[in-house]
There are 2 protein chains.
Amino acid sequence: MSSPSAVESFPAHTSAASQIFTTVLSQGPLTRLEVARRAGLSAAAVTKAVRPLIEAGYLVEDVDEDARPALGRPANLVRVDGGRALFIGVKVTGDTIIGVLTDLCCRILVARHIPLPARDPRAVLGTAAELVRELLIEADGLGVRVAGLGMAVSGDVDRAEGVVRYSPFLEWRDVPLAELAAMTTGLPVTVDNDVRALTVAEQWFGAGVGLSGFAVVTVGAGIGCGLVVHGGVVAGAHGVAGEIGHVTVDPAGPRCHCGNRGCVEAIASDDAIVRQVRAATGVQVADAVEAAGLAHDGVAGAREIYARAGDAIGRGIATVANLLGPERVIISGEGLAAYDLFADHIRDAFATAAFGSAARCDVQIRPLPFDEWARGAAATAIQSFIRSDANQRGRGGEQQP
Amino acid sequence: MSSPSAVESFPAHTSAASQIFTTVLSQGPLTRLEVARRAGLSAAAVTKAVRPLIEAGYLVEDVDEDARPALGRPANLVRVDGGRALFIGVKVTGDTIIGVLTDLCCRILVARHIPLPARDPRAVLGTAAELVRELLIEADGLGVRVAGLGMAVSGDVDRAEGVVRYSPFLEWRDVPLAELAAMTTGLPVTVDNDVRALTVAEQWFGAGVGLSGFAVVTVGAGIGCGLVVHGGVVAGAHGVAGEIGHVTVDPAGPRCHCGNRGCVEAIASDDAIVRQVRAATGVQVADAVEAAGLAHDGVAGAREIYARAGDAIGRGIATVANLLGPERVIISGEGLAAYDLFADHIRDAFATAAFGSAARCDVQIRPLPFDEWARGAAATAIQSFIRSDANQRGRGGEQQP
DNA sequence: GCTCCTTATTTTCCGCTGTCAATGAAAGAA
DNA sequence: TTCTTTCATTGACAGCGGAAAATAAGGAGC
């Protein structure tokens with residue numbers, strides 16, 4: 001295990017090298033030949049690109065006892081040495097900051113939550129810095145340097161500039177978060193929208209590996225959606241994209257905070273569900289957990305609300321599928337704690353509203369723990385780390401067929 | 001003017017060369033320096049790539065009298081010689097085949113319509129072949145060879161294989177149209193979905209030039225949508241994409257042929273409008289033209305139907321904008337003959353339903369003549385021609401920042 | 001007309017990348 | 001042992017694209 005070293009750049013200076021590393025990173029141990037096939041390169045190119053990465057300790061070689069071919073020379077597997085570098089991911093929510101320490105393979109080593117005293121940039125930055133400090137101490141204990149910090153915030157975030165343009169939730173405008181956090185922590189900082197960050201994590205380390213088009217739908221306090229098209233995460237021209245929460249499901253439905261009626265979010269967000277369950281049952285449930293409890297107890301009114309919410313989500317997903325034809329939709333988010341109340345309705349509504357072959361899209365319900373959002377932030381940091389000086393041009397995202 | 005020559009491949013063997021040519025093709029006469037800037041290359045690279053293209057006659061040099069800099073050496077403009085090669089585009093509709101002869105700049109030189117006796121592949125192929133033959137004679141008259149044929153068909157089309165997987169409209173399944181048409185006509189054939197073809201034309205020669213994300217929405221017999229994301233046309237994993245026509249606008253609305261209720265198409269397609277105008281006014285209008293006439297005459301019931309249709313389209317577009325954040329939406333299609341009855345309602349509904357900054361998306365209403373569809377088909381042929389042997393990898397579409 | 005200044009384009013190197021074809025390595029089979 | 005098969009590496013090499021220097025083509029000043 002190497003000791004924390006000075007700033008040293010990632011030794012992948014060509015686009016091919018970083019593509020090869022990304023392939024190994026996300027598709028797990030592979031033989032060089034297999035890497036070549038998947039990255040669309042010659043075996044020679046892989047050999048040449050892999051060597052410096054092994055020398056620098058980012059890749060290691062394994063022998064495969066299992067997947068040995070029936071005949072011929074056995075292959076040597078190449079895989080990423082997760083322990084070579086650490087990353088910190090931070091997700092800012094309304095009342096808590098969640099932080100994780102991950103390795104280079106984006107495996108969570110330590111997770112911490114800290115309550116947030118206030119939502120202004122100063123308070124958030126201070127609290128986040130405290131959290132980072134704690135995680136840095138953990139990292140010190142491991143004797144591995146932390147190579148980057150990723151921060152995930154909801155709203156319109158300009159990742160390239162590291163600026164939070166507008167976060168309605170935090171009531172921030174044009175906060176240069178990356179710069180501020182870099183000054184405070186001394187780490188290279190990546191800032192991105194929270195849903196997009198989660199999408200990056202799924203693309204590289206989750207259910208989106210190897211897909212060139214998929215969607216991540218998050219259900220909880222809000223309804224969000226991260227989209228990958230042509231291998232890149234969609235950011236939107238004006239900072240808006242993936243607003244599945246404001247797809248209209250029922251123009252006569254409940255009013256949404258956005259001003260319209262019957263948005264998915266006005267029917268299926270935690271708040272909306274709580275409000276509707278109260279109205280339907282007369283029980284003054286305090287939060288989504290209690291609302292779900294009521295439904296689990298078999299109270300018909302509450303169950304009905306969940307059914308309607310699942311229906312709205314399913315329709316929203318069908319809209320995405322009809323428009324983009326993703327290979328897969330991954331449904332996640334803390335709202336899925338009430339998983340069993342939703343799932344069938346989501347699937348049914350999707351199947352009904354999906355047009356033609358769009359129904360063949362693979363809909364996965366994947367209840368991810370809350371820490372997963374912070375892991376998404378770490379994933380963006382890993383992404384930035386790998387690209388560091390290479391890839392000046394890659395704007396939208398890695399092309400990863 | 002060169003005489004029709006034997007098969008000769010397009011001299012852009014590197015990705016940079018074809019990118020440079022594409023830039024000049026779609027962004028019109030440019031100085032070499034400007035090309036370099038837009039393509040993200042050095043001036044030297046442009047000079048080197050341009051030379052063989054000029055020698056082969058695809059590019060020509062112009063002097064700019066106007067845009068001469070105040071100081072310094074005047075720039076030489078480079079532009080595509082449209083007359084260097086011709087293309088034929090064919091669009092198959094339910095009862096007609098539309099064909100156009102275009103030059104390399106995709107300018108329509110000749111347009112022809114032929115009635116279609118039947119919809120089976122044999123009939124379509126025969127009629128199309130006749131049309132192509134006529135256009136080839138026109139081309140002969142110009143003394144320039146026809147370098148490709150593009151065919152646009154509605155439905156699920158596999159462009160890479162040249163196969164029409166499923167066209168509900170024509171009732172085709174797995175018809176290897178490219179192969180059949182190539183045998184019949186002796187031309188290199190490209191087959192693509194009609195809306196995608198139109199989108200390619202807009203991307204290269206229309207209102208989408210220079211944009212990396214935009215949408216084309218077509219209004220008419222159906223409501224379709226072509227999407228460009230990250231510079232590439234979205235094709236969808238299972239052949240479905242851009243089905244804005246089946247976005248639900250009103251779950252209590254009229255039944256759609258897809259089985260659901262209140263799809264945009266069930267409210268705003270020509271058929272739907274005719275049906276609704278009949279019901280609202282009691283007048284047995286025969287087609288969309290008569291329905292529009294009624295509305296133009298000020299019949300309130302008819303105007304109301306158009307208002308509702310415009311509203312549905314506007315909401316559908318807002319859904320696209322909320323999900324993808326395109327820089328621009330181009331609304332087109334033969335249905336726009338009734339332009340003035342729609343337009344304000346489209347804009348209003350869009351403005352209302354667009355979430356946050358998504359409303360900043362530029363919505364253009366662009367009534368394109370019907371021939372434009374066939375021009376789209378020609379554009380796909382031009383695209384294939386340029387890529388011919390180069391660019392083995394470019395799957396989704398040109399990256400064009 | 002000559003010189004200088006500015007901008008556009010071309011030329012000349014030059015490093016570097018990724019491919020090709022040949023070679024080496026590591027098994028199991030005959 | 002010798003083949004055969006598959007994986008991996010090597011070295012020669014073509015060619016791309018960049019940097020910088022050179023060249024070209026005006027206008028302005030004198």
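The basis for the numbers below is simple: all heavy atoms, side chains too, and nothing from hydrogens, waters or symmetry mates.
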message: Side chain of B:L41 only, heavy atoms from C-beta on: which candidate in C:dA27, C:dT9, D:dG17 is closest?
response: D:dG17
field: Evaluation steps, side chain to side chain donor-acceptor pair (under 3.5 Å), between B:R159 and B:S384
entry: CA-CA 10 Å; B:R159 171 172 171 164; B:S384 298; 3.3 Å; yes
task: Sort and list the pairs that fulfil salt bridge (Lys or Arg N to Asp or Glu O under 4.0 Å) and have at least one residue in residues 15-36 of chain B, not counting sequence neighbours.
output: B:R32-B:E61, B:E34-B:R37, B:E34-B:R38
message: I want to confirm an ordering. Mapping B:N76 and A:A17 to their closest nucleotides on DNA chain C, which one lands closer to the 5' end?
response: B:N76
- prompt: Atom CG of B:D62 to atom C1' of C:dA8: distance rounded to whole Å?
  reply: 16 Å
- line: With the side chain defined as heavy atoms from C-beta on, A:L33 is closest, among D:dC7, C:dT19, D:dG17, to D:dC7
field: Under 3.5 Å: donor-acceptor pair, side chain of A:R84, backbone of A:A56
entry: yes
Could you go through nucleotides 9-13 of chain D and list every protein N or O atom that sits under 3.5 Å from one of its N or O atoms, giving the distance for each pair?
residue	atom	partner	partner atom	Å
D:dT9	OP2	A:R32	NE	2.8
D:dT9	OP2	A:T47	OG1	3.0
D:dT10	OP2	A:R51	NH1	3.1
D:dT10	OP2	A:R51	NH2	3.0
D:dG11	O6	A:K48	NZ	3.4

field: Length of the line joining B:E34:CD and C:dA8:C1', which is rounded to integer Å
entry: 12 Å
- prompt: Is there side-chain contact between B:I386 and B:W204, with at least one heavy-atom pair below 4.5 Å?
  reply: yes
- request: Rounded off to whole Å, could you give me the CG-to-P distance for the B:L30 and C:dA8 pair?
  value: 13 Å
- prompt: What's the shortest heavy-atom distance between B:A377 and B:A197, and which atoms?
  reply: N-CB, 3.9 Å
- prompt: B:S42 has a side chain; which of D:dG18, C:dT19, D:dA8 sits nearest to it?
  reply: D:dG18
task: May I ask you to decide if B:A207's main-chain N or O and B:R328's side chain share a donor-acceptor pair within less than 3.5 Å?
output: yes
message: Classify A:A49 by what it touches in the nucleic acid, base, sugar-phosphate, or nothing, heavy-atom distance under 4.0 Å.
response: nothing
